[in-house]
Amino acid sequence: MDTSATQQLFKQRFHATPAHFAFAPGRIEFIGNHTDYNGGLVMGAAVTEGITVAIAPREDGMIHLVSELGGLVKIPLGNYEPLEGEASWTNYPIGVTKIMSESGMSTPTGYNLAVTSTLPVGAGMSSSAAIELATAKALAALYGFETDTAGYARIGRRAENEFVGMPCGILDQGVSAFGRADHLVKIDCATERFATEPMPGEAHFWIFNSNKKHALVDSAYADRHRECHEALAQLRSDYPEARTLSEISQSQLDASHDRLDEVLYRRAAHIIGENDRVRAVQSALLNGDLQAVGAALSASHESSRHNFENSIPELDTLFELLKLQPTVYGARLTGGGFGGAVMALTNPGFGQAQADVIAAAYEAKHGIQPSIFHTRAGEGARLLNKAET
Ligand code: GLA
């Protein structure tokens with residue numbers, strides 16, 4: 001792990017040597033879109049890129065935070081309020097500090113924290129979960145806090161839900177925590193059970209960032225969150241035992257079609273269909289059938305487009321262009337949607353030349369250059385030992 005950029009930033013801003021380094025990866029959402037906060041199934045992959053933090057104690061009761069992108073932010077220990085504007089990135093590490101303190105971590109001193117990233121900006125690969133998990137690992141080492149891997153994922157999610165104010169599920173933090181090289185992370189969000197499954201060696205991930213962002217991504221996400229809960233509330237008149245949308249089957253949904261507003265029907269159909277597609281992908285992976293995996297990925301995108309309406313024309317263009325390539329098994333938007341990136345699962349025959357053709361066609365249509373990124377599944381969040389730095 002190359003920590004030289006983080007070391008340099010830390011030394012330059014704090015004129016001292018870090019006590020600990022921690023790294024946490026970004027993630028690809030592989031299949032299972034918006035299922036996490038609906039008690040469903042989801043599969044993701046940690047990527048090899050992510051966030052590295054360096055930490056050391058300071059004696060004046062202050063927290064000082066610095067990242068490559070922003071200036072120094074100073075916060076008194078114990079005085080935690082979300083910030084807006086340029087300093088809002090500090091809500092992730094401070095949210096984690098607050099949640100860990102509430103969970104029994106004692107903070108006898110303040111700390112200095114420097115943050116660097118190798119994740120592409122704005123590609124929807126969850127740099128927020130990565131900074132949460134890396135900070136949690138670093139704080140645990142600094143203050144002697146202990147929890148298990150699921151505990152770290154839950155701390156990150158709580159920071160995001162309770163401090164940042166984003167009603168996300170456990171996908172991003174769970175994948176960043178449990179990532180494993182050349183494996184997918186599968187999460188049953190109802191029970192919060194985490195497992196890893198091998199990714200066939202001949203499958204490659206390519207990310208095409210549309211470089212287009214819906215102006216109101218956060219409120220659009222919150223709208224979908226609300227609609228899913230409204231759909232459940234309406235369906236519960238027929239199925240009072242259902243605690244989440246994921247406990248309702250497609251045939252039950254169809255039997256209750258008339259009870260639901262049309263939009264809410266489509267939202268529920270997306271969630272229920274995604275759970276079915278996660279199961280289909282899982283058995284296709286067991287059979288080594290990457291064509292069937294790809295078909296489920298592409299069906300997921302179609303459902304996003306028509307049922308959940310969290311795609312945008314730019315993502316649809318990338319999806320259509322990718323689908324035409326014989327070396328692409330399947331493609332879909334990855335993450336919350338309303339902008340961000342399309343992920344393609346390809347065989348090794350897909351290379352930079354094919355990617356460039358797609359980028360050119362996309363640019364000709366939308367006047368925006370996409371960013372392209374070829375990656376593989378990497379390890380989860382961890383404290384870096386001396387030898388690794
Ligand atoms: C974002 C959220 C996740 C998940 C996905 C959609 O990435 O942070 O919790 O809901 O969107 O599947």
Side-chain angles (χ1 to χ4, degrees), residues 28-35 42-45 47 120 123-125 184 199-200 202-214 266 269-270 273-285 287-377:
I28 296 170
E29 176 191 283
F30 190 63
I31 185 94
N33 188 244
H34 287 255
T35 51
V42 61
M43 291 174 112
V47 293
M125 295 173 80
L184 291 167
M199 191 65 205
E202 67 273 27
H204 289 243
F205 297 121
W206 284 79
I207 307 293
F208 289 77
N209 182 5
S210 67
N211 284 325
K212 176 90 187 184
K213 202 172 172 185
H214 191 293
R266 285 189 281 115
H270 180 64
E274 283 296 281
N275 283 320
D276 290 342
R277 283 184 281 275
V278 174
R279 290 187 199 98
V281 162
Q282 212 187 350
S283 46
L285 282 171
N287 299 329
D289 185 353
L290 288 171
Q291 297 293 350
V293 172
L297 299 182
S298 298
S300 166
H301 186 89
E302 294 289 7
S303 176
S304 271
R305 170 146 67 170
H306 300 294
N307 290 330
F308 215 61
E309 295 174 281
N310 61 336
S311 188
I312 57 170
E314 288 79 1
L315 294 176
D316 294 337
T317 299
L318 288 168
F319 167 73
E320 297 293 349
L321 290 165
L322 282 159
K323 251 186 15 181
L324 293 175
Q325 295 283 332
T327 46
V328 172
Y329 294 117
R332 61 180 292 272
L333 68 80
T334 176
F338 310 106
V342 167
M343 174 214 69
L345 184 72
T346 78
N347 74 28
F350 187 94
Q352 196 59 47
Q354 284 79 5
D356 289 344
V357 169
I358 288 166
Y362 174 80
E363 192 177 351
K365 183 155 181 194
H366 294 289
I368 313 169
Q369 249 186 338
S371 327
I372 304 168
F373 195 56
H374 181 198
T375 189
R376 62 183 188 82

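Computed over heavy atoms, backbone and side chain alike; hydrogens, waters and symmetry mates excluded. Along the sequence shown, the residues carry numbers beginning at 1. Everything numeric here is computed off the predicted structure, so don't read it as measured data.
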Q: Would you say the side chain of Leu345 lies within less than 4.5 Å of the side chain of Val328, judging by non-hydrogen atoms?
A: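 The answer is no; the side chains never approach within 4.5 Å.
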Q: Do Ser371 and Asn211 come close enough that some side-chain heavy atom pair is under 4.5 Å?
A: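 Yes, their side chains come closer than 4.5 Å.
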Q: Crowded around Glu363 CD? As in, over 12 foreign heavy atoms under 6.0 Å?
A: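 Atom CD in Glu363 is crowded, with more than 12 foreign heavy atoms closer than 6.0 Å.
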Q: Could you check whether any side-chain heavy atom of Leu285 comes within less than 4.5 Å of a side-chain heavy atom of Met43, counting everything from C-beta outward?
A: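 Heavy-atom side-chain distance check passes, below 4.5 Å.
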Q: Determine, step by step, whether Phe350 and His204 satisfy the ring pair (Phe, Tyr, Trp, His ring centres under 6.0 Å) criterion, reporting the C-alpha distance in whole Å, the side-chain angles of both residues, the deciding distance to 0.1 Å, and the verdict.
A: CA-CA 9 Å; Phe350 187 94; His204 289 243; 9.5 Å; no
Q: Quick one: CE on Met125 to CG on Asn209, what's the gap to the nearest 0.5 Å?
A: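 Answer for the CE-CG pair, Met125 versus Asn209, is 9.5 Å.
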Q: Output yes when a side-chain donor or acceptor of Ser298 lies under 3.5 Å from a complementary backbone atom of Gly330, and no otherwise.
A: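 Looks like no, no N/O pair under 3.5 Å.
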Q: Do side-chain atoms of His374 reach the backbone of Trp206 as a donor and acceptor pair under 3.5 angstrom?
A: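 No.
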Q: Main chain of Pro313, side chain of Thr317: is a donor-acceptor contact present, judged purely on distance under 3.5 Å?
A: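 Confirmed, Thr317 side chain pairs with Pro313 backbone.
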Q: Report the distance from atom CZ of Phe308 to atom CZ of Phe338, rounding to the nearest 0.5 Å.
A: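 Between Phe308 CZ and Phe338 CZ, I get 7.0 Å after rounding to 0.5 Å.
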Q: Out of Thr35, Asn307, Asn33, which one pairs with His270 under the side-chain hydrogen bond (donor to acceptor under 3.5 Å, both in side chains) rule?
A: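 The residue from Thr35, Asn307, Asn33 that satisfies side-chain hydrogen bond (donor to acceptor under 3.5 Å, both in side chains) with His270 turns out to be Asn33.
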Q: Quick check: do Glu309 and Arg266 have side-chain heavy atoms less than 4.5 Å from each other?
A: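 Result yes, sub-4.5 Å side-chain heavy-atom pair found.
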Q: Whether the side chain of His301 engages the backbone of Ala331 through a donor-acceptor N/O pair (distance < 3.5 Å, no angle test) should be reported.
A: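 A pair under 3.5 Å: no.
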Q: Where the side chain of Glu274 meets the backbone of Gly32, is there a donor-acceptor pair that is under 3.5 Å apart?
A: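 At least one qualifying donor-acceptor pair exists.
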Q: As a quick check of understanding, evaluate side chain to side chain contact (heavy atoms under 4.5 Å, CB included) for Ile31 and Leu297, giving each step before the final call.
A: CA-CA 7 Å; Ile31 185 94; Leu297 299 182; 4.0 Å; yes
Q: Distance check, rounded to the nearest 0.5 Å: Ile368 atom CD1 versus Tyr362 atom OH?
A: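 One finds 4.0 Å between CD1 of Ile368 and OH of Tyr362.
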Q: Is Lys365 salt-bridged to Glu314, cutoff N-O under 4.0 Å?
A: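 No, this pair does not count.
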Q: Side-chain contact, heavy-atom cut-off 4.5 Å: Phe205 with Phe30?
A: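 Phe205 vs Phe30: side chains touch.
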Q: Within the side chain of Thr334, is there an N or O that forms a donor-acceptor pair under 3.5 Å with the backbone of Glu29?
A: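 Yes.
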Q: To the closest 0.5 Å, what do you measure between NZ (Lys212) and CG (Leu315)?
A: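 CG of Leu315 is found 10.5 Å from NZ of Lys212.
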Q: Could you check whether any side-chain heavy atom of Tyr329 comes within less than 4.5 Å of a side-chain heavy atom of Gln291, counting everything from C-beta outward?
A: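 Result yes, sub-4.5 Å side-chain heavy-atom pair found.
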Q: Where is the tightest heavy-atom contact between Leu290 and Pro200, given as atom of each residue plus distance?
A: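 Shortest heavy-atom separation between Leu290 and Pro200 comes out as CD2-CG, 3.9 Å.
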Q: Does the pair Ser300 and Arg277 meet the rule for a side-chain hydrogen bond (donor to acceptor under 3.5 Å, both in side chains), with working shown?
A: CA-CA 7 Å; Ser300 166; Arg277 283 184 281 275; 4.6 Å; no
Q: Looking at CG of Asp356 and CD1 of Ile372, how far apart are the two atoms once the value is rounded to the nearest 0.5 Å?
A: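 Answer for the CG-CD1 pair, Asp356 versus Ile372, is 5.5 Å.
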Q: Check step by step if side-chain hydrogen bond (donor to acceptor under 3.5 Å, both in side chains) holds for Thr327 and Asn347.
A: CA-CA 6 Å; Thr327 46; Asn347 74 28; 4.8 Å; no
Q: Any side-chain heavy-atom pair from Leu321 and Val357 closer than 4.5 angstrom?
A: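 No, every pair of side-chain atoms sits at 4.5 Å or beyond.
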Q: Starting from the C-alpha separation in whole Å, work towards a yes-or-no answer on side chain to side chain contact (heavy atoms under 4.5 Å, CB included) for Leu318 and Ser210.
A: CA-CA 8 Å; Leu318 288 168; Ser210 67; 4.1 Å; yes
Q: Please report the interatomic distance CG(Leu322) to CD(Gln354), rounded to the nearest 0.5 Å.
A: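 Rounded to the nearest 0.5 Å, the CG-CD separation comes out at 11.0 Å.
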Q: Pairs in or reaching into residues 289-308: which pass salt bridge (charged side-chain N to carboxylate O under 4.0 Å, His left out), with residues at least two apart or in two chains?
A: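 For residues 289-308: Glu302-Arg305, Glu302-Lys323, Arg305-Asp316, Arg305-Glu320.
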